[in-house]
Number of protein chains: 2
Amino acid sequence: MTSDPPRKPHHHGNLRAALIQSGLEILAESGLSKLTLRACAARAGVSHSAPAHHFGGLPGLLTAIAGRGFEIFADTMNAARRDADPAPRAQLIAICRGYMDFAEAHPALFTLMFNTPARLAPDDAFVAAADAAYDVLADTCAPFEPVTDDPRSTEMMVWALVHGLASLLQGGRFKPENDRMDMPDFEAILPPLPLRADP
Amino acid sequence: MTSDPPRKPHHHGNLRAALIQSGLEILAESGLSKLTLRACAARAGVSHSAPAHHFGGLPGLLTAIAGRGFEIFADTMNAARRDADPAPRAQLIAICRGYMDFAEAHPALFTLMFNTPARLAPDDAFVAAADAAYDVLADTCAPFEPVTDDPRSTEMMVWALVHGLASLLQGGRFKPENDRMDMPDFEAILPPLPLRADP
DNA sequence: AGGAAATCTTGACAATGTCTAGTTTGGTGA
DNA sequence: TCACCAAACTAGACATTGTCAAGATTTCCT
């Protein structure tokens, strides 16, 4: 009827993307507890059972939202890396700061991505997005000598360290004397990491 | 009436403890998603609204269960420390292993304790139990020189590292080539930590 | 144009947390 | 001893949530 082709295909067009966006907004505005199937549907302007046709059910929707989160997560870390000194250790510290920035900027999304595995139903797209985020950090760790005989040990150690920091700070598990818990001093916290010998 | 005084005070006696125990069992047997108010009540043999009189509501019950979890958590780490070589670094590695052991032995409880802060309503008892567990690790880190100017930086670094490892391994976020993800080599992963100069 | 498939709506259902009112129990004081 | 009272627990109802079945509407292919 109307003459705006991309505006409202009247079967809503791309409900899938709209529902994911609604979920991200609810997460940012009201937290994880308010992220329900029906709330996402209402925000997108559709009935409460419309999401099931695109995501199967709640786990599918949450997985899609978390997958989108991993994309944003990788973007955040990549942006931090781009703006930093190209020296390997500076790059690594920038990645860590990007990691913390994301956790602080999107706490509820961060929780959904990492702390509620039982509520998700990982599919190929989700695994790909999560792996892509992992690879950003792994690439940044590649110049360094592994800390054990496992070639991935540096990534694991750094990832665990920064993830633990972000997770514990967000959960408020650190002692209250912590006045400024915003950004740890990664230069001091990260151990000395010698560069690999062979290129 | 009957002659077994501790058995059944018939107003159930200590429903509070029974509900916490039921919650721990449900958590161990069926996971976090099955841990509901009504399931705990049914397992303890009381009506579905009995728990509210002792815990206020679901958040109160979950908090009490998580608080009990922190007690078990501290016990696990203390036991690991007792059985280890008394040298500071050996003590620290033992604590880390105890941490991982707990996470592996009680995955759902671990998730409740650390990954669902929005569902808990921390009270004094909970904070005390969580702090006590923190202190076990802090005491073990005390012999070492802080890694930054913050005197608590060593505890934070070690706690974050081991928590990140436990959390990521449990969430299955590490790459699949990880055949034996059971217990990391903390001797290699933990950075060299010089002892404090002054006692 | 016509029909098939995708998309979305409506209505119902079971499960859950919470609230209110009522019932039972155990202790305490006259 | 016994009556009373507060605590402990039950019973029922209600709103919210996720899921499912059935039907209506739109889009697309031929």
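Quick note on labels: first sequence line is chain A, next is B, and so on, each numbered from 1. No experiment lies behind these values; they were computed from the predicted model shown.
B:L32 approaches B:L27 most closely through the heavy-atom pair CA-CD1, 3.7 Å. Residue A:F55 comes nearest to A:L61 through the heavy atom pair CB-N, 3.5 Å, listed as atom of the first residue, atom of the second, then distance. Here the shortest heavy-atom pairing between B:A133 and B:W159 reads O-CZ3, 4.5 Å.
Spacing between atom CG of A:L15 and atom P of D:dT25 amounts to 18 Å, rounded to whole angstrom units. For the pair B:I26 CD1 and C:dA15 P, the computed distance is 16 Å after rounding to whole Å.
For residues 106-118 of chain A, the set of pairs meeting the side chain to side chain donor-acceptor pair (under 3.5 Å) definition, not counting sequence neighbours, comprises A:T111-A:Q170. Under the side chain to side chain donor-acceptor pair (under 3.5 Å) criterion, the residue pairs touching residues 56-72 of chain B are B:R68-B:E71, with sequence neighbours excluded.
Residues from residues 27-46 of chain B placing a heavy atom under 4.0 Å of any atom in DNA chain C, listed by number, are B:T36, B:L37, B:R38. Scanning residues 47-63 of chain B for heavy-atom distances under 4.0 Å to DNA chain C yields B:H48, B:S49, B:G57, B:L58, B:P59.
Evaluated for a side chain to side chain contact (heavy atoms under 4.5 Å, CB included) with A:F102, the options A:M77, A:M113, A:R97 yield exactly one hit, A:M113. The one candidate from A:H54, A:Q21, A:H53 that meets the side chain to side chain contact (heavy atoms under 4.5 Å, CB included) condition with A:R16 is A:H54.
Annotation: the span from A:H163 atom NE2 to B:L161 atom CG amounts to 12.0 Å, rounded to 0.5 Å.
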From CA spacing to verdict: side chain to side chain contact (heavy atoms under 4.5 Å, CB included), B:F73, B:Y99
CA-CA 8 Å; B:F73 184 42; B:Y99 200 113; 3.3 Å; yes

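When the side chain to side chain donor-acceptor pair (under 3.5 Å) test is applied to B:R89, the partners found at least two apart in sequence or on another chain are B:E187.
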Strictly under 3.5 Å: I want the nitrogen or oxygen pairs between protein and nucleotides 4-6 of chain D, one per line.
none

